[in-house]
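The structure appears right after this line, and notes come after that.
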Amino acid sequence: MVSSPRFLVRLSRLLLSAVIVSSAAIIFALSNPTAVAAAEGDVAISRRSDATEVHRIHAHFDSVLRELGARPVTMLTAQQRASRDSLVRTLLRYNARGVFPHNYDFPGRPTPYFVDRNTGTLCAVAYLLASTGRRDMVDRVAQANNNVWVAQLAGDSALTTWLDQHGLTLAEAARIQVPYVEGPTTSTQQARNVAFIVATPFALGGAVFTSVWNGMGNANGQYRVVSGLGLTSGVALTGLGTILLAKSDLPGAARGVGGAGAALGALTVALSVRAMHRRSAYAAAVRESRSGVESGRRNVSFSLAPLLPMEKHGVGLAGSIRF
């Protein structure tokens, strides 16, 4: 029957192999730019998604333009009506151009972007502001909260003054604003998600297993495989937990799990490093002890000397050992 320590060592080697393979899989999925077929599929999906999103936004502005044209403007001054008509024509051109911001950060949640953080494309309200020379307001709002809803800017006196000067109400400006929807998950993103899901259980299992063993049965580092497994799984779990923590769009519970995983991974790494250090110190002590023994052996000396009596005849030998 196999002894328990030997069985645990074999189990550690198996877990170590699994952690290494799964970590390699997630690194490949996260960074590999190849897989041309998948990339081509992503492009096709992205194009269909973009076309659907652009069609939705066009339909939104078509509806808004009809509403703006149907609103009575008799209560407005001549200057307000002229400014309003100019903005309506500008919005018509903006819609016809068909270049809109994108939702990069909030999957499954329609979200406004005042300025596209990658391309610099302005949303419709920001575009209208900039067209009248108020790019300063656009930059100020985007810097304060790029995902703000226009309705939340009711207390912004500069914006409300601008709206009044151009014959628009805050409700109409809020109606002009359109939230942007992220496209469907691509095949590469799905591969990354699968790799993440596959790697996490192995990293977590290896971290828990080695943390307990390195804290108790392997505290002196006599099982190098366990120490290596702990270091590998701890680093992997810390990385995976950090990825979850960095995703601001995830719910608090998921980010809490990420924080706990990162903390457990760090503890696993610390216990493994401690075990490795203790094994190194023990090996150094053994080498020093052996060196001392060998040195002591080299210092042992034995000598013989003739013994010549002064008064009697005869010859003898005297011996001595020094160590």
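With sequence neighbours excluded, the residues that form a side chain to side chain donor-acceptor pair (under 3.5 Å) with T121 are T119. Listed by chain and number, the residues in a side chain to side chain donor-acceptor pair (under 3.5 Å) with S131 amount to none (sequence neighbours excluded). Take R135 and apply the side-chain contact (heavy atoms from CB on, under 4.5 Å) test, not counting sequence neighbours, and it matches L122, A130, V138, D139. Listed by chain and number, the residues in a ring pair (Phe, Tyr, Trp, His ring centres under 6.0 Å) with H58 are F100 (sequence neighbours excluded). For Q165, the side-chain contact (heavy atoms from CB on, under 4.5 Å) test picks out T161, with sequence neighbours left out.
Contact annotation: the side chain of T169 never approaches that of D164 to less than 4.5 Å [non-hydrogen atoms, C-beta and beyond]. With contacts defined as side-chain heavy-atom distances shorter than 4.5 Å, the pair H102/Y113 does not qualify. Using a 4.5 Å cut-off on side-chain heavy atoms (C-beta onward), L92 and F61 make no contact.
Defined by atom type and a distance below 3.5 Å, a donor-acceptor pair is present between the side-chain atoms of R175 and S63.
Taking both residues in full, the closest heavy atoms of V125 and I176 are given as CG2-CG2, 4.1 Å, listed atom of the first, atom of the second, then distance. Of all heavy-atom pairs spanning L76 and R81, the tightest one is O-NH1, 2.6 Å. Of all the heavy atoms in V148 and Q177, the pair that sits closest is O-NE2, 3.0 Å. The nearest pair of heavy atoms linking V141 to D156 is CG2-OD2, 4.3 Å. Minimum heavy-atom separation, A158 to R140: CB-NH2, 3.8 Å. Nearest approach of A151 to L170, heavy atoms of both residues: O-CD2, 4.4 Å.
In this pair, Y127 and Y94 present their aromatic rings tilted. The plane angle is within the 30 to 60° band.
Put simply, L91 and V54 are part of the same group of oily side chains (I, L, V, M, F, W, Y) that touch within less than 4.5 Å, one to the next.
In this structure a side-chain-to-backbone donor-acceptor pair under 3.5 Å is present from N103 to R109.
Rounding to the nearest 0.5 angstrom, the gap separating the CG atom in L163 from the CG atom in L129 is 7.5 Å. The structure places OG1 of T90 at 12.5 Å from CG of N95, a figure rounded to the nearest 0.5 Å. With rounding to the nearest 0.5 angstrom, the CG atom of L87 is 9.5 Å from the CG atom of L68. Annotation: the span from D105 atom CG to N147 atom CG amounts to 7.0 Å, rounded to 0.5 Å.
Within the structure, the ring pair (Phe, Tyr, Trp, His ring centres under 6.0 Å) test picks out the following pairs touching residues 156-181 (sequence neighbours left out): W162-H166.
Tested against R84 for a side chain to side chain contact (heavy atoms under 4.5 Å, CB included), the candidates Q79, R89, E172 yield a single pass: E172.
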